[in-house]
Colleague: 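Quick one: the structure is below, questions incoming.
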Amino acid sequence: MGQPVVLMPKPMHTAVAEGLSGHCELIRLWEESDPDAVLADRRDEIVAVATGGTRIDDAFLDRLPAVRIVASFGVGYDQIDATAAAARGVVVTNTPGVLDDEVADTALGLLLMTVRELPQAERYLRAGKWQQDGAYPLTKATMNGRRLGILGLGRIGQAIADRVTPFGISVAYHNRSQKDVDYPYYPTLLELAHDVDTLMVVIPGGDSTRHLVNAEVLEALGPDGILINVARGSVVDEQALVDALRSGTIYAAGLDVYEHEPKVHPDLLTLPNAVLLPHVGSATIPTRIAMGNLVVENLLNWFTYGTALTPVPESQNL
């Protein structure tokens with residue numbers, strides 16, 4: 001019996017191809033001169049997909065009836081219709097755990113940058129204004145005493161909570177369900193936003209969370225409020241955020257993700273109270289290697305034992 005055939009629709013971290021080498025036949029679809037012909041010719045042989053961002057839905061799976069596992073690179077998997085996959089008996093996996101600390105560190109750094117206006121202060125220095133105009137203006141906000149509301153207290157949310165408490169920051173959270181933790185739980189996001197001055201977004205993207213952070217939530221956060229998003233850009237209504245930042249409805253925002261990335265809302269680029277990063281939450285070499293290795297481990301475990309190591313919730317019962 002030949003090796004299992006794995007489809008890789010787009011380039012992924014080299015750790016994936018290297019880890020699969022010798023264990024399977026890997027089809028690098030982007031290198032094929034006629035990708036559609038390859039999919040048609042190999043439709044009954046391709047049993048797995050390794051993906052780092054390709055849209056995988058019913059239409060995609062219709063073309064590949066033999067696929068039994070989709071291994072995704074990353075924690076978020078909103079580009080995959082995992083419910084549709086489960087209905088076909090197709091397992092979807094992601095890469096949780098290995099990037100929690102890296103994303104939490106980025107979230108803490110972004111929070112510090114936004115609260116203390118550190119990027120703005122650096123630009124002030126580089127422009128020669130320190131020497132020309134004197135010291136950078138005192139900042140209004142401080143870390144000490146802030147009240148942080150975490151939207152999504154999963155692994156990464158808990159890691160963020162662990163990091164902020166030494167700063168004298170209190171933590172509360174909103175989740176789909178209450179967890180066995182000491183932090184106050186709020187049954188609705190709006191109630192949480194009313195009672196905190198900093199909102200940290202750490203929930204998955206997808207239709208169920210699209211624009212969950214809207215104009216009403218931002219208004220509840222208030223004029224001293226700070227929004228930090230290290231989750232998915234789709235969770236925040238970007239136009240509502242622009243309006244809130246421009247009008248002073250909230251104080252500032254720090255973003256690592258955007259609705260239509262890599263395209264960024266042009267107004268965000270001009271707002272002095274927006275701190276912007278180019279989706280670097282997990283972007284370190286060691287973490288990306290670990291993510292790639294977990295993609296490989298999920299596939300190899302499936303080929304050997306018929307089980308996945310980190311199936312997403314929709315695949316738990318398959």
Colleague: Identify whether Val90 and Ile80 are in the same connected component of the hydrophobic contact network (ILVMFWY, side-chain heavy atoms under 4.5 Å).
Modeller: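 Yes, because Val90 and Ile80 connect within a single hydrophobic cluster, where side-chain heavy atoms sit under 4.5 Å apart.
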Colleague: Report whether Leu110 and Val236 are members of the same hydrophobic cluster (ILVMFWY, side-chain heavy atoms less than 4.5 Å apart, transitive linking).
Modeller: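 Not linked; separate clusters.
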Colleague: Report the distance from atom CG of Asp105 to atom CD1 of Ile156, rounding to the nearest 0.5 Å.
Modeller: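 One finds 11.0 Å between CG of Asp105 and CD1 of Ile156.
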Colleague: Does any donor atom in the side chain of Thr307 or Asn301 lie under 3.5 Å from an acceptor atom in the other side chain?
Modeller: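 Yes.
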Colleague: Measure the OG1-CZ distance between Thr198 and Arg146 for me, rounded to the nearest 0.5 Å.
Modeller: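 So the OG1 of Thr198 and the CZ of Arg146 are separated by 3.5 Å.
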Colleague: Write down the atom of Glu261, the atom of Val257, and the distance for their closest heavy-atom approach.
Modeller: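 The answer is OE1-CA, 3.3 Å.
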Colleague: Under 3.5 Å, is there a donor-acceptor pair linking the side chains of Glu314 and Tyr77?
Modeller: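 There is such a pair (donor and acceptor under 3.5 Å, judged by atom type) between the side chains of Glu314 and Tyr77.
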Colleague: Between Tyr173 and Tyr186, is the gap from one ring center to the other below 6.0 Å?
Modeller: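 Between Tyr173 and Tyr186, the centre distance exceeds or equals 6.0 Å.
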Colleague: Assess the side chains of Arg147 and Ser170: does a donor N or O sit below 3.5 Å from an acceptor N or O?
Modeller: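 No, no side-chain donor-acceptor contact under 3.5 Å.
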Colleague: Is it possible for you to say whether Tyr183 and Ile160 belong to one hydrophobic cluster, with membership spreading through side-chain heavy-atom contacts below 4.5 Å?
Modeller: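 Yes, because Tyr183 and Ile160 connect within a single hydrophobic cluster, where side-chain heavy atoms sit under 4.5 Å apart.
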Colleague: Any chance the side chains of Thr188 and Glu191 put a donor and an acceptor closer than 3.5 Å?
Modeller: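 On atom types as modelled, these side chains qualify, holding a pair under 3.5 Å.
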Colleague: Should the ring pair Tyr185 and His174 be called parallel, tilted or perpendicular, given that the plane angle runs from 0 to 90° and is split at 30 and 60?
Modeller: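 Plane angle under 30°, so parallel.
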Colleague: Quick one: are Val70 and Val91 in side-chain contact, heavy atoms under 4.5 Å?
Modeller: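 No, their side chains stay 4.5 Å or more apart.
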Colleague: Can you see whether Ser282 engages Glu102 through a side-chain donor-acceptor pair at a distance of less than 3.5 angstrom?
Modeller: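 The answer is no; no qualifying pair exists.
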Colleague: For atom CG of Asp182, decide whether the heavy atoms of other residues, nucleotides or ligands shown that lie under 6.0 angstrom number more than 12.
Modeller: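 Check fails, neighbour count at 12 or below.
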Colleague: Does a donor on one side chain and an acceptor on the other come within less than 3.5 Å for Tyr136 and Gln120?
Modeller: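 Absent: no donor and acceptor within the cut-off.
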Colleague: Examine Val230 and Met291 and state if one hydrophobic cluster contains both, with Ile, Leu, Val, Met, Phe, Trp and Tyr joined whenever side-chain heavy atoms are less than 4.5 Å apart.
Modeller: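 Yes, Val230 connects to Met291 through the hydrophobic network.
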Colleague: Between Gln239 and His265, do the side chains contain a donor N or O and an acceptor N or O under 3.5 Å apart?
Modeller: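 Side-chain D/A pair, His265 to Gln239: present.
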Colleague: Nearest 0.5 Å please: distance from the CG atom of Leu300 over to the CG atom of Leu309.
Modeller: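 Between atom CG of Leu300 and atom CG of Leu309 there are 9.5 Å.
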Colleague: Does the side chain of Asp162 come under 3.5 Å of the side chain of Gln158 through a donor N or O and an acceptor N or O?
Modeller: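 Yes, a side-chain donor-acceptor pair sits under 3.5 Å.
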Colleague: State, to 0.1 Å, how close Asp237 and His211 come at their nearest heavy-atom pair, and which atoms those are.
Modeller: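 Closest approach of Asp237 to His211: CA-CD2, 3.5 Å.
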Colleague: So, the side chain of Gln316 versus the backbone of Pro311: is there a donor-acceptor pair under 3.5 Å, distance only?
Modeller: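 The answer is yes, because a donor-acceptor pair under 3.5 Å joins these two groups.
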Colleague: Is it the case that more than 12 heavy atoms not belonging to Arg116 sit under 6.0 Å from its CZ atom?
Modeller: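 For Arg116, atom CZ is not crowded (no more than 12 foreign heavy atoms under 6.0 Å).
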Colleague: Under a 3.5 Å threshold, yes or no: a donor from one side chain and an acceptor from the other, between Thr106 and Asp256?
Modeller: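 Not at all, the side chains of Thr106 and Asp256 share no donor-acceptor pair under 3.5 Å.
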